[in-house]
There are 2 protein chains.
Amino acid sequence: MKTSKLTSLPSIRRLPSYLVLVQQALDEGMEYISGTVIAQELELEPIQVRKDLALTGIVGKPRIGYSVKDLYIAINRFLHWDTEKKASIVGAGHLGQALMGNKEFLKHGLRICAGFDVEPSKIGKKFHGIDIYPLDALPQVKRELGIEIAILTVPSTAAQEVAEQIVRAGITAIWNFTNVKLKVPSQVIVQQEDLSSGYAVLTVKIGAFRASPPG
Amino acid sequence: MKTSKLTSLPSIRRLPSYLVLVQQALDEGMEYISGTVIAQELELEPIQVRKDLALTGIVGKPRIGYSVKDLYIAINRFLHWDTEKKASIVGAGHLGQALMGNKEFLKHGLRICAGFDVEPSKIGKKFHGIDIYPLDALPQVKRELGIEIAILTVPSTAAQEVAEQIVRAGITAIWNFTNVKLKVPSQVIVQQEDLSSGYAVLTVKIGAFRASPPG
DNA sequence: TAGATTGTTAATCGATTAACAATC
DNA sequence: TAGATTGTTAATCGATTAACAATC
């Protein structure tokens, strides 16, 4: 059996931005929020918001909108952000350290519980309360702590080699912050997080703007 | 006149990954590279690679492929990565510091030449050789150094307010690493760089995999 | 009630993929 | 030459948007 078809990736990517708004509404004690309002805030089409939210199984009230509390629960559940997932940072450089310090992740169920590096001076240290282990210890620490996600933040030159170690350790999900397309077995899930593709969009937009600024 | 229609965003996002491969080919002294090979390496369809590359204006040789050198130049030019753009980090926290240390950006023409923060203890310091100024100094430093891009890495709670300061300082391009949808005048270009949307895709994929693992 | 909003079904739009002639 | 690859034109696919009945 093939992996069942995922729902639209663009929709999934938009859901976290709805969650930010819903969280705000929750904090403000609002009971209901309408798709129209969400659309306005995020500069999207109301119909797109309704379609996206429908994915989560939420049912709204005509004329009223969606229950803020239910919506919060529905989005979190749909994204699987309501269950804790243990992760490790592989490559405790600047970016790796910054990610270890990101409190936001915990709200999404992502608990970073170990860091790995090859640099002897870093091993045994803690960053933001997280222990750094030698890369070789990956299989053992993975077993002991039950790590299921590897956040890959090594230099590009080491990416493929380290990815193979991650796979050998039995980790099947990699959040890849390097610009290298990893060659891994098909059962391993790789999510590419590429700053340069976002930057490319920015620079092209700046270029287009200079060519013909609006009104 | 409205801002002219950009070419397909998905294509633009893929171009940097081609560039990584082309750079490698260049380092290895290869003269030509075919769309077929690029497609194989990145697990894309050859026709998609050809279509994307065509955007840059590159012309290939049937049976041979594309000149590696020409392709490198064409992609870089299309993305405007062949001209230097001066940027500043606004918010010198963990992520901001990590980005200041990112050597990769220089290859894409992005020169980070100043950092800003409100934290008195950080002001006057240097991170990775980059001076940290008080946020109030933004207009002046912007003028003196010719900064055109603000990389926004403040806490979410401060995002909107700081974005307004950025706009008032006359900066018209913001690379936004916060999860806040910024309200800015229409002539300001905002590129959202949202880790949580990538993470959402990862967690949904993991969930789908668990529901029905392949083979 | 009147009217704003939801959710469904249909239409449009844009991106991806297919087919194939041109070519070196 | 034979055959792999490019680039163009057409077909398909999927996501976005429109239309509108249902509803509270």
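Order of the sequence lines sets the chain letters (A, B, ...), proteins ahead of strands, with each chain counted from 1.
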Review point. What integer distance in Å separates B:I47:CD1 from D:dC13:P?
Key: 16 Å
Study note, to complete from the structure: To the nearest angstrom, the CG-P distance between A:D52 and D:dT17 comes to 10 Å
Point to revise | Polar side-chain atom of A:T203 near backbone of B:L79 as donor-acceptor pair, under 3.5 Å | key: yes
Revision key, fill the gap. Between CG of B:L55 and C1' of D:dT8 the distance, given in whole Å, is 14 Å
Check your understanding: Is the base of C:dT17 touched by the side chain of B:K51 through a donor-acceptor pair closer than 3.5 angstrom?
Key -> yes
Point to revise | Spacing between A:L9 atom CG and C:dA15 atom P, to the nearest angstrom | key: 16 Å
Practice item. State yes or no: are the ring centers of B:H94 and A:H94 separated by less than 6.0 Å? Key: no
Practice item. May I ask you to check whether B:W81 and B:F105 place their ring centers less than 6.0 Å from one another? Key: no
Check your understanding: Roughly how many Å is it from CD in B:E45 to C1' in D:dA11, rounded to a whole number?
Key -> 15 Å
Study note, to complete from the structure: Heavy-atom nearest pair, A:I171 first then A:A150, reads CG2-N, 3.8 Å
Review point. When you look at A:I89 and A:F116, which way does the side chain to side chain contact (heavy atoms under 4.5 Å, CB included) test go after all the steps?
Key: CA-CA 6 Å; A:I89 294 284; A:F116 294 90; over 6 Å; no
Exercise for review: Please report, rounded to the nearest Å, how far the P atom of C:dT9 is from the CZ atom of A:R50.
Suggested key: 14 Å
Revision key, fill the gap. Side-chain contact check for B:T36: nearest option of D:dA15, C:dT8, D:dT5 is D:dT5
Review point. Any ion pair linking B:K85 and B:E148 (charged N to carboxylate O, less than 4.0 Å)?
Key: no
Revision key, fill the gap. Sorted by position of nearest nucleotide on DNA chain C, 5' first, the leading residue of A:A54 and A:R63 is A:R63
Study note, to complete from the structure: So, with a heavy-atom separation below 4.0 Å from DNA chain D, the residues of residues 12-32 of chain A are A:R14
Point to revise | Residue-phosphate contact under 4.0 Å: B:T7 side-chain N/O, C:dA15 OP1/OP2 | key: no
Review point. 5'-most contact on DNA chain D: A:S11 or B:G35, nearest heavy atom basis?
Key: B:G35
Check your understanding: From the list D:dT17, D:dT8, D:dT6, which nucleotide is the closest neighbour of the side chain of B:P62?
Key -> D:dT6
**Study point:** Donor-acceptor pair (no angle test) under 3.5 Å: A:K61 side chain, D:dT23 base
**Key:** no
Study note, to complete from the structure: Taken to the nearest whole Å, CD1/B:I33 to C1'/D:dT5 is 14 Å
Check your understanding: Which nucleotide in the list C:dA19, C:dT6, C:dA15 gets nearest to the side chain of B:P10?
Key -> C:dA15
Study note, to complete from the structure: Testing C:dT8, D:dC24, D:dT5 for proximity to the side chain of B:S34, the answer is D:dT5
Exercise for review: Would you mind checking if B:E41 and A:K181 are paired as a salt bridge, meaning a charged N to carboxylate O distance below 4.0 Å?
Suggested key: no
**Study point:** Atom-pair distance (CG on A:L71; C1' on C:dG7), nearest Å
**Key:** 15 Å
Review point. Side chains of A:Q192 and A:N179: do they bring a donor and an acceptor to under 3.5 Å?
Key: no
Review point. Reading DNA chain C 5' to 3', how would its secondary structure be written in dot-bracket notation, given Watson-Crick and G-U pairs with both distances under 3.5 Å, brackets [ ] for crossing pairs and | for partners on other strands?
Key: ..||||||||||||||||||||||
Review point. Around atom CD of B:E161, are there more than 12 heavy atoms of other residues, nucleotides or ligands at under 6.0 Å?
Key: no
**Study point:** CD (A:E164) with more than 12 external heavy atoms under 6.0 Å
**Key:** yes
